[in-house]
Participant: 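Okay, here's the structure, questions in a sec.
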Amino acid sequence: MMKKNKHQNQSDHFFQLVYSIVYLIPKGKVTTYGAIAKCLGAPKSSRLVGYAMNNCHGIIPKVPAHRVVNRNGLLTGKHHFSTPFEMRELLNQEGVDVINDQVVDFKSKLWIPDL
DNA sequence: ACTTTGACTATAA
DNA sequence: GTTATAGCCAAAG
């Protein structure tokens, strides 16, 4: 009788939850940390979303972290990729134009996870 | 157990 | 338009 589990022992429960949302981001679209956090029921934990992404290196399947930008449409996490240009490259391949580390027509490309 | 950190956001000046 | 400050909360040290 698993009585030792007082409350989901999944240490990275929050991380997995974030990843599951990121996987849902359609190709050619982007979303924000706050949108993901809000979808998780913790709109004020936007920082934790970014924190989770910092741990996404080596996650299988690959996490499309390049589709997650801040609320301004700025590629704040580009420095966490293999190369600062990789994030822009990936977005460009999906039809998302990026100029000066900012998504062009960000408002149009924005996608909000559906609950 | 306490302190620091961080891929954020909202508000104020 | 920009810059500064505060709030936020879980993971890592």
Side-chain angles (χ1 to χ4, degrees):
Chain A
M1 316 165 240
M2 33 210 149
K3 60 202 241 177
K4 53 202 296 194
N5 283 0
K6 50 182 167 187
H7 196 271
Q8 305 210 356
N9 254 353
Q10 300 293 337
S11 306
D12 47 357
H13 174 223
F14 193 91
F15 284 33
Q16 294 297 333
L17 205 52
V18 172
Y19 301 148
S20 64
I21 299 299
V22 176
Y23 290 137
L24 299 178
I25 303 174
K27 182 181 178 183
K29 291 285 185 176
V30 294
T31 192
T32 67
Y33 302 95
I36 296 173
K38 185 177 181 180
C39 186
L40 299 181
K44 301 182 178 188
S45 300
S46 52
R47 307 180 88 165
L48 288 314
V49 176
Y51 200 94
M53 306 256 70
N54 191 20
N55 198 66
C56 79
H57 293 279
I59 298 294
I60 300 175
K62 178 179 172 292
V63 179
H66 59 279
R67 296 178 186 156
V68 184
V69 297
N70 74 343
R71 77 182 270 310
N72 298 315
L74 197 67
L75 279 58
T76 52
K78 67 172 187 176
H79 284 131
H80 291 262
F81 284 79
S82 304
T83 64
F85 304 94
E86 184 174 332
M87 191 170 187
R88 181 185 63 78
E89 291 272 326
L90 288 169
L91 287 173
N92 212 294
Q93 292 177 14
E94 297 183 354
V96 178
D97 295 327
V98 177
I99 298 178
N100 195 14
D101 299 334
Q102 183 176 302
V103 177
V104 178
D105 196 4
F106 167 68
K107 187 177 179 182
S108 179
K109 303 285 169 51
L110 179 61
W111 174 86
I112 303 299
D114 201 353
L115 297 175

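In what follows, chains carry the letters A, B, and so on, assigned in the order in which the sequence lines appear, proteins first and then strands, with residues in each chain numbered from 1.
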Participant: Figure out the OH/P separation between A:Tyr51 and C:dA11, and round it to whole Å.
Facilitator: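 The answer, rounded to whole Å, is 9 Å.
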
Participant: Looking at A:Phe85, I'd like to know if its CZ atom is crowded, meaning that more than 12 non-hydrogen atoms belonging to other residues, nucleotides or ligands lie closer than 6.0 Å.
Facilitator: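 Atom CZ in A:Phe85 is not packed in, count stays at 12 or less.
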
Participant: Counting distance only, does the side-chain N/O of A:Thr31 pair as donor-acceptor with the main-chain N or O of A:Ile112 below 3.5 Å?
Facilitator: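 Not confirmed, A:Thr31 side chain does not pair with A:Ile112 backbone.
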
Participant: Can you give one letter per nucleotide of nucleotides 8-13 of chain B, 5' to 3': B if a protein heavy atom sits under 4.0 Å from the base, S if only from the sugar-phosphate, - if neither?
Facilitator: BSS---

Participant: Do A:Val30 and A:Leu75 share a hydrophobic cluster (ILVMFWY, side-chain heavy atoms under 4.5 Å, transitive)?
Facilitator: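 Yes; tracing contacts between hydrophobic side chains, which count when under 4.5 Å, links both residues.
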
Participant: Measure from CG on A:Asn54 to P on C:dA12 and round the result to the nearest Å.
Facilitator: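 So the two atoms are 9 Å apart, to the nearest Å.
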
Participant: Between C:dA12 atom P and A:Phe14 atom CZ, what is the distance in whole Å?
Facilitator: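 That distance rounds to 13 Å.
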
Participant: Rounded to whole Å, how long is the line connecting atom CE of A:Met53 with atom P of C:dA11?
Facilitator: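 Distance check: A:Met53 CE to C:dA11 P gives 15 Å.
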
Participant: Rounded off to whole Å, could you give me the OH-to-C1' distance for the A:Tyr19 and C:dA11 pair?
Facilitator: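 Going from A:Tyr19 (OH) to C:dA11 (C1'), I get 11 Å.
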
Participant: Can you give me every donor-acceptor pair (side chain of residues 50-66 of chain A, partner residue at least two apart or in another chain, under 3.5 Å) with its distance?
Facilitator:
from	atom 1	to	atom 2	distance (Å)
A:His57	NE2	A:His80	O	3.2
A:His66	NE2	A:Glu94	OE2	3.0

Participant: When the distance from NE2 of A:His57 to C1' of C:dA11 is rounded to whole Å, what number comes out?
Facilitator: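 Taking atom C1' of C:dA11 as the reference, NE2 of A:His57 is at 15 Å.
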
Participant: Count the heavy atoms of every other residue, nucleotide or ligand shown that sit under 6.0 Å from NZ of A:Lys38, and state whether that count exceeds 12.
Facilitator: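 Incorrect, the count does not exceed 12.
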
Participant: Looking across every strand, which nucleic acid part, if any, lies under 4.0 Å from A:Ala37 by heavy atom: base, sugar-phosphate, or nothing?
Facilitator: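 The residue A:Ala37 makes no contact with any strand.
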
Participant: Enumerate, atom names and distances included, each donor-acceptor pair closer than 3.5 Å involving a side-chain atom of residues 99-107 of chain A, sequence neighbours excluded.
Facilitator:
from	atom 1	to	atom 2	distance (Å)
A:Asp101	OD1	A:Lys78	NZ	3.2
A:Asp101	OD2	A:Lys78	NZ	2.4

